[in-house]
Amino acid sequence: MTSKAIRIFGFELRGLLFCLLVLIFIIGEVFLPMPQYYIKHGAKVTNELGIKNELTLNEILEQETLNAGIEFDDGSFKILDSHGMHFNHLFLCSYEINQKEEVRIFHLEKNIFGNMKPKYPFNGNNIISDKNIGGNFYNSYVKDGIFADYGVIAGFADSSSGISHILNKYIIDQIHPIGYFMWVEMMREPWKEAIVIWVLYLGLFLIIFKFRNKKEEPLKFYSKWEKGDKVFINSKFI
């Protein structure tokens, strides 16, 4: 038993449809969201002398904080800690308002080109308090694509305080940071599970096609008639 394999310009229709699906996915996931990632990797500014200098992360975050409506004392903004991932970047930043320190954690998303955008508003509920009454810490769970999932904890601690954190089935206890801190721990790697699933699907796909008892006969679409080609008229070839 034979089946017709439709070909267009020498390529099977199924293969072309698969390539089209991949192209649509890339356009939808990579190119269309590009304007949203407006914090450009390696962005430069021109100074008064006409010299282009690359912006530092400190300058970028300082400007983003001002754009969010947070006004602080000049020269007081600084990055206390940061953690970069494949598609996320976390910053623990401080500044002073009327000489009183305030600390926030900023979460930014990255694309494959290294450009970033805020995942959450800079002026949201992300203030790290220095009063740890009842364990006042910032806790978050960050998914970094298929590469890894991270547990994040940030806060203020003195030498006498201890922090307990549950990591999968393990309990990490008695961590004694001093001052403001941000702790990031990888909790799982989804890409390992994804590989196993894809291997199972590929094996099933190969088994199905291996036991097929029919051969495919190509069915061609011609872009133009050439001398010697048959003409199909009234259900008959002439």
Side-chain angles (χ1 to χ4, degrees), residues 30 32-145 147-158 161 163 165 177-186:
V30 178
L32 292 181
M34 280 181 63
Q36 302 174 18
Y37 295 83
Y38 60 91
I39 303 175
K40 303 300 182 181
H41 177 69
K44 296 182 179 181
V45 293
T46 304
N47 59 19
E48 298 176 354
L49 300 176
I51 301 175
K52 289 186 178 181
N53 295 318
E54 186 172 334
L55 288 171
T56 63
L57 283 173
N58 196 93
E59 293 171 332
I60 293 173
L61 292 173
E62 183 176 357
Q63 186 60 47
E64 286 294 317
T65 305
L66 290 171
N67 293 341
I70 302 173
E71 297 183 358
F72 46 84
D73 301 341
D74 291 338
S76 65
F77 189 92
K78 57 184 176 181
I79 299 176
L80 302 178
D81 198 0
S82 69
H83 187 89
M85 308 170 192
H86 291 89
F87 300 110
N88 296 273
H89 208 129
L90 302 173
F91 295 93
L92 186 66
C93 301
S94 73
Y95 48 84
E96 293 181 0
I97 300 178
N98 297 325
Q99 298 183 345
K100 182 179 180 181
E101 186 178 37
E102 185 172 276
V103 177
R104 290 178 182 262
I105 185 169
F106 298 139
H107 184 174
L108 287 87
E109 289 183 317
K110 292 193 299 185
N111 62 10
I112 61 175
F113 303 105
N115 302 327
M116 297 187 293
K117 67 174 182 178
K119 184 175 180 64
Y120 305 109
F122 272 38
N123 57 355
N125 186 25
N126 54 351
I127 296 179
I128 307 299
S129 175
D130 60 355
K131 297 179 177 59
N132 289 319
I133 302 175
N136 183 20
F137 295 114
Y138 174 92
N139 290 277
S140 181
Y141 190 81
V142 179
K143 294 184 177 182
D144 194 42
F147 294 101
D149 295 346
Y150 295 88
V152 179
I153 182 170
F156 180 86
D158 54 36
S161 62
I163 302 171
H165 190 72
I178 299 177
Y180 290 101
F181 71 95
M182 180 175 64
W183 180 45
V184 181
E185 185 73 28
M186 185 175 69

Point-to-point distance, once rounded to the nearest 0.5 Å, from CD1 of Ile60 to CE of Met116: 6.0 Å

Asn111 (side chain) donor-acceptor with Asn115 (main chain) under 3.5 angstrom: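 It does hold such a pair.
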
Any donor-acceptor N/O pair, Asp81 side chain to Leu92 backbone, under 3.5 Å: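 No: the side chain of Asp81 does not pair with the backbone of Leu92.
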
Please table the atom pairs, donor to acceptor, closer than 3.5 Å between any side-chain atom in residues 69-78 and protein atoms at least two apart or in another chain.
from	atom 1	to	atom 2	distance (Å)
Asp73	OD1	Asn98	N	3.2
Asp73	OD2	Asn98	N	3.2
Asp73	OD2	Gln99	N	2.8
Ser76	OG	Asp73	O	2.6
Ser76	OG	Glu96	N	3.1

Looking at residues at least two apart in the chain, or sitting in another chain, which of them share a side chain to side chain contact (heavy atoms under 4.5 Å, CB included) with [X]?
X	value
Glu102	Tyr95, Ile97, Arg104, Ile127
Asp149	Tyr141, Lys143, Arg188, Pro190
Phe91	Leu57, Leu61, Ile79, Ser82, His89, Cys93, Phe106, Leu108

Minimum heavy-atom distance Asn126-Pro121, with the two atoms named: ND2-O, 4.0 Å

Shortest non-hydrogen separation from Ser94 to Leu80 and the atoms involved: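 Nearest heavy atoms, Ser94 then Leu80: OG-CD2, 3.7 Å.
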
Which residues share a side-chain hydrogen bond (donor to acceptor under 3.5 Å, both in side chains) with Glu101, sequence neighbours left out: none

Verdict with supporting geometry, Val152 and Ile105, side-chain contact (heavy atoms from CB on, under 4.5 Å): CA-CA 11 Å; Val152 179; Ile105 185 169; 4.3 Å; yes

For residues 33-41, which side-chain N or O atoms pair as donor and acceptor with protein atoms under 3.5 Å away, sequence neighbours left out?
from	atom 1	to	atom 2	distance (Å)
Gln36	OE1	Lys117	NZ	2.8
Tyr38	OH	Glu64	OE1	2.8
Lys40	NZ	Tyr37	O	3.3

side-chain contact (heavy atoms from CB on, under 4.5 Å) between Leu90 and Met85, worked out: CA-CA 8 Å; Leu90 302 173; Met85 308 170 192; 3.8 Å; yes

Pair Phe87-Ile112, side-chain contact (heavy atoms from CB on, under 4.5 Å): steps then yes or no: CA-CA 7 Å; Phe87 300 110; Ile112 61 175; 4.0 Å; yes

